[in-house]
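The following block contains the structure, expressed as structure tokens.
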Amino acid sequence: MRFAPSPTGLLHIGGLRTALYNYLVARQSGGAFVLRIEDTDRSRFVPEAEAYIRESLQWVGIEPDESPEDPAEHGPYRQSERSARYSEIASRLVSAGHAYLAFDTADEIAALRESGDTPGSVRYDSSTRMRMRNSLSLPPEEVQRLVAADSPHVVRLKVPDDREVVVDDIVRGQISFAADQLDDQILVKSDGYPTYHLANVVDDHDMQISHVIRGEEWLPSTPKHVLLYEMLDWSVPAMAHLPLILSPTGGKLSKRSADKHGIPVFVLDYRDSGFEPEAVLNYLALLGWHPDSDRERFSLDELVRAFSLRRVGSAGVQFDIEKLTWFNEQVLRELSSQRLAEKLAPHIEAAGWTCDRDEMETIVELLRDRISLARDVTSYPEFFRDPEDYDEKAVRKRWKDDSGDLLLNLLERLVAGESWDAPQLESAFESFLAENDIGKGRIMPVMRIALSGRASGPDLFPTLAVLGRETTARRFRSAADQLGAEDASS
RNA sequence: GCCGCGUUCGUCUAGGGGUUUAGGACGCCGCCCUUUCACGGCGGUAACACGGGUUCAAAUCCCGUACGCGGUACCA
């Protein structure tokens, strides 16, 4: 199994799903998961991309068994380092009459394409190749002269015109293509680098890849690959073309459409947004695949056991960030306090806050069921700093003329208790209510406003307990002072 | 245009001739729990693209149409 991304940009979420499925099949069959870098397009090469791919896989925990950094017997794992092998195969194809040299210029090819009545109706293929300048149409002496003169040329696949090519796909079954509908695919570009089609077939064979698992966008070129395997007398690996991941409105999940829907596209953006790798993997696994039960929560190991390419669907799937978020909530709830605290820490730090370890234990438990993403911890600043302002609506609704006094009286009572813990605070609070004959609804929202500036939040007494005597006193006084006897109607 | 793939609740999907009043999950709505907001529990909303055929029987098989997606590069 191999994951063979092209380092022309950052690894995106669709690429990660492809990697995941490859990984799952590799693990469950005891095979190797190979990372191969397909860097044959020198004009679009992005130097940082390879490191990004590696870091992304590392983050989610599906690391390759063989890769440029971890080579095994089938290296090198960068196509740019395998040129000699591609040239060798290209020559072999040419001498066997399965490929030919083409000397046409870009203008000549453009002219060919425009010769049809509708755009795209004329291709460089079995029906037009004899009209072009190539080693099939030109006299041999002319071809020799051009080669000797270092005339720029490409190598094209000589696609037969009289047969069907059948692709056996695990996801879709048998698909047949009429060969005369295929173009004479360029195998080697004029800069000497192979195209994807040649390099991919050669490498998959050389690296003994048993399963080619990739996106559906490759389906139309698969018959050309099958032809190459046949011409080289190599066996065709098992093929599986995965349904494409679409945007929530149906189109392609491009950077643009994703941004519009608030969906991160690049893998590490998920990390930076506070998504858990387990959740991302779990969601991605289910995006196109369905287990043979109604179960939805899977760890990576469980996925390895349950996954099957046969249960991968064939229709495009729309990305749903809300469902991913739900998976993320599930993951957070299953974490130990300590692990959860570790997850939240970077986001607290990023907000410029600090928090000591003991307090963190409690805070984490108060927040666990209230956050969807690790970074949501920043929606609860009350644990880290005094309120900066008071929510107007909450104050209007809950703060009465006597609220300030009530708060100060209550504070006096709470502070008088010998210990400052949640049960103690609560019982002091209860007796205060009884003595003053007021209901919870009268004072609790007021306390919340004083603590956080808002009328809702986590359990009140544990919150008071973590905040401590001093902070509580300061916030109560400050609220009484600032909001004072402010009239609800003013 | 041509080639290929696809089409079950808004979304991810189960089901692949009778087991189906079409099941699950997310979302949404309601109720319960509750000091608030969440969590949780319970309940509800909502789908077989359309038209022909085959068959005693079709969401399920076949054909067509529509629509969507992909490909049609010296990109991958």
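Below, chain A is the first sequence line, B the second, and so on; all start at residue 1.
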**Minimum-distance nucleotide to Lys252(A) side chain [options: C74(B), C3(B), G70(B)]** = G70(B)
**Item:** Glu382(A) CD - U36(B) P separation (whole Å)
**Value:**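 For the pair Glu382(A) CD and U36(B) P, the rounded distance is 17 Å.
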**Asked** In Watson-Crick or G-U wobble terms, both distances under 3.5 Å, what is the partner of U65(B)?
**Response**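 Paired with A49(B).
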**Request:** Please state the C1' separation for the pair C32(B) and A38(B) - nearest whole angstrom.
**Result:** 15 Å
**Item:** G-U wobble or Watson-Crick pairing nucleotide for G16(B) (cut-off 3.5 Å, both distances)
**Value:**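 Partner of G16(B): none.
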**Message:** My understanding is that a pair needs two contacts under 3.5 Å, Watson-Crick or G-U wobble. By that rule, which nucleotide pairs with U55(B)?
**Reply:** none
**Message:** Closest approach to the side chain of Trp218(A), judged atom by atom: which nucleotide of U35(B), C69(B), A76(B) is it?
**Reply:**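 So the nucleotide nearest the side chain must be A76(B).
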**Asked** With respect to the side chain of Arg44(A), which nucleotide from A76(B), C5(B), G40(B) is positioned closest?
**Response**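 Nearest to the side-chain atoms of Arg44(A), counting from C-beta on, is A76(B).
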**Message:** Under 4.0 Å, counting only non-hydrogen atoms across every strand here, what does Arg42(A) touch: a base, just sugar-phosphate, or nothing?
**Reply:** nothing
**Message:** One thing to verify: whether Arg129(A) and Asp184(A) come together as a salt bridge, which I'm taking to mean a side-chain N less than 4.0 angstrom from a carboxylate O.
**Reply:**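 Salt bridge between Asp184(A) and Arg129(A), a charged N being under 4.0 Å from a carboxylate O: yes.
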**Message:** Using a heavy-atom cut-off of 4.0 Å across all strands, would you classify Arg454(A) as base, sugar-phosphate, or nothing?
**Reply:** nothing
**Message:** So, OP1 or OP2 of A73(B): does either fall under 4.0 Å of a side-chain N or O from Lys189(A)?
**Reply:**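 For Lys189(A), the contact criterion (side-chain N or O under 4.0 Å from OP1 or OP2 of A73(B)) is not met.
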**Fill in**
note: Glu217(A), atom CD; G6(B), atom P; distance rounded to Å ~ 16 Å
**Message:** Once ring-ring contact (aromatic ring centres under 6.0 Å, His included) is applied, what residue pairs with a partner in residues 149-170 of chain A remain, sequence neighbours excluded?
**Reply:** Phe103(A)-His153(A)
**Request:** Specify the separation, in whole Å, of atom CG of Asp107(A) and atom P of C74(B).
**Result:**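 Distance, rounded to whole Å: 13 Å.
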**Request:** Return the 5'-most residue of the pair Ala455(A), Ser314(A) with respect to RNA chain B, ranking by each residue's nearest nucleotide.
**Result:** Ser314(A)
**Message:** Between Tyr124(A) and Asp104(A), is there a side-chain donor-acceptor contact under 3.5 Å, judged purely by atom types and distance?
**Reply:** yes
**Asked** Hey, are Arg163(A) and Glu230(A) close enough for a salt bridge, meaning a charged N less than 4.0 Å from a carboxylate O?
**Response** yes
**Prompt:** Arg123(A) near the nucleic acid: base, sugar-phosphate alone, or nothing, with a heavy-atom cut-off under 4.0 Å?
**Reply:**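 Result for Arg123(A) = sugar-phosphate.
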**Protein-nucleotide distance (Gln185(A), atom CD; A73(B), atom P), rounded to Å** = 9 Å
**Request:** Pick the C1' atom in A22(B) and in C9(B), then give their distance to the nearest Å.
**Result:**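 Going atom to atom, C1' in each nucleotide, I get 10 Å.
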**Asked** Quick one: does Leu483(A)'s side chain get under 4.5 Å of Tyr390(A)'s, heavy atoms only?
**Response**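 They are in side-chain contact.
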**Nucleotide nearest Glu216(A) (side chain, heavy atoms from C-beta), chosen from A76(B), C2(B), G4(B)** =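 For the Glu216(A) side chain, the nearest candidate turns out to be G4(B).
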**Request:** Take Val171(A) and Phe461(A), find for each the nucleotide of RNA chain B with the closest heavy atom, and name the residue whose nucleotide sits nearer the 5' end.
**Result:**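 Here Val171(A) is the residue nearer the 5' end.
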**Item:** Whole-Å C1' distance, G44(B) and G52(B)
**Value:**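 Rounded to whole Å, the distance is 38 Å.
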**Message:** Rounding to an integer number of Å, can you tell me how far Ile321(A) CD1 sits from C28(B) P?
**Reply:**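 Going from Ile321(A) (CD1) to C28(B) (P), I get 15 Å.
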**Request:** Please check if any side-chain donor atom of Arg214(A) sits under 3.5 Å from a side-chain acceptor atom of His241(A), or the reverse.
**Result:** yes
**Prompt:** Tyr283(A) vs Phe319(A) aromatic rings, parallel, tilted or perpendicular, using cut-offs 30° and 60°?
**Reply:**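 If you compare the ring of Tyr283(A) with that of Phe319(A), the planes turn out perpendicular.
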**Item:** Whole-Å P distance, G53(B) and A46(B)
**Value:** 31 Å
**Request:** For the side chain of Asp459(A), starting at C-beta, report the closest nucleotide among U35(B), C5(B), A76(B).
**Result:**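 Closest nucleotide to the Asp459(A) side chain: U35(B).
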**Request:** For G24(B) versus G43(B), give the span between their P atoms, rounded off to a whole number of Å.
**Result:** 10 Å
**Message:** Tell me whether Asp125(A) contacts the main-chain N or O of Leu182(A) through its side chain, where contact means a donor paired with an acceptor under 3.5 Å.
**Reply:** no
**Message:** Any base atoms under 4.0 Å from Ser6(A), or only sugar-phosphate, or nothing? Heavy atoms, all strands.
**Reply:** sugar-phosphate
**Item:** C1'-based separation of U21(B) from C26(B) [nearest Å]
**Value:** 24 Å
**Request:** Identify whether NZ of Lys or CZ of Arg in Arg295(A) sits under 6.0 Å from the centre of the six-membered ring of Phe298(A) and within 45° of that ring's axis.
**Result:** yes
**Complete:** Taking a pair to mean Watson-Crick or G-U wobble geometry with both distances below 3.5 Å, G70(B) pairs with C3(B)
**Message:** Does a side-chain N or O of Thr40(A) approach OP1 or OP2 of A76(B) to a distance below 4.0 Å, or not?
**Reply:** yes
**d(CG, Leu253(A); P, G68(B)) in whole Å** =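 That distance rounds to 19 Å.
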**Fill in**
Taking A76(B), C5(B), C39(B) as options, the one with an atom nearest any side-chain atom of Ile175(A) is C5(B)
**Message:** Generate the contact string for nucleotides 9-14 of chain B. Rules: B means base contact, S means sugar-phosphate contact only, - means no protein heavy atom under 4.0 Å.
**Reply:** --SSSS
**Request:** Tell me the partner of G10(B), counting only Watson-Crick (N1-N3 plus N6-O4 or O6-N4) or G-U wobble (N1-O2 and O6-N3) with both under 3.5 Å; none if nothing fits.
**Result:** C26(B)
**Request:** Find the distance Leu367(A):CG to U36(B):P and express it as a whole number of Å.
**Result:**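 These atoms are roughly 19 Å apart.
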**Asked** Which of these, Arg2(A), Arg85(A), Arg36(A), sits in a salt bridge (Lys or Arg N to Asp or Glu O under 4.0 Å) with Asp203(A)?
**Response**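 Result for salt bridge (Lys or Arg N to Asp or Glu O under 4.0 Å) with Asp203(A): Arg36(A).
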**Item:** Contacting residues from residues 436-451 of chain A, given that a heavy atom lies under 4.0 angstrom of RNA chain B
**Value:**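 The answer is Lys440(A), Met444(A), Arg448(A).
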**Asked** Rounding to the closest angstrom, what is the interatomic distance between A49(B) and A59(B) at atom P?
**Response** 10 Å
**Asked** Reckon Asp104(A) touches a base, only the sugar-phosphate, or nothing at all at heavy-atom distances under 4.0 Å?
**Response** base
**Request:** Could you tell me whether Arg156(A) and Asp183(A) have a side-chain N and a carboxylate O separated by less than 4.0 Å?
**Result:**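 Looking at Arg156(A) and Asp183(A), the cut-off is not met.
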**Request:** Would you tell me whether Ser337(A) and Glu365(A) have side-chain atoms, one donor and one acceptor, within less than 3.5 Å of each other?
**Result:**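 The criterion, which ignores hydrogens and geometry beyond distance, is satisfied for Glu365(A) and Ser337(A).
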**Asked** Who is the Watson-Crick or G-U wobble partner of C31(B), with both distances under 3.5 Å?
**Response** G41(B)
**Rounded C1' spacing from C3(B) to U60(B) in Å** = 28 Å
**Donor-acceptor contact below 3.5 Å, side chain Ser221(A) vs main chain Trp218(A)** =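 Flag set: sc Ser221(A) to bb Trp218(A) pair under 3.5 Å.
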**Message:** Expressed as a whole number of angstroms, how long is the span from Phe177(A):CZ to G70(B):C1'?
**Reply:**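 These atoms are roughly 11 Å apart.
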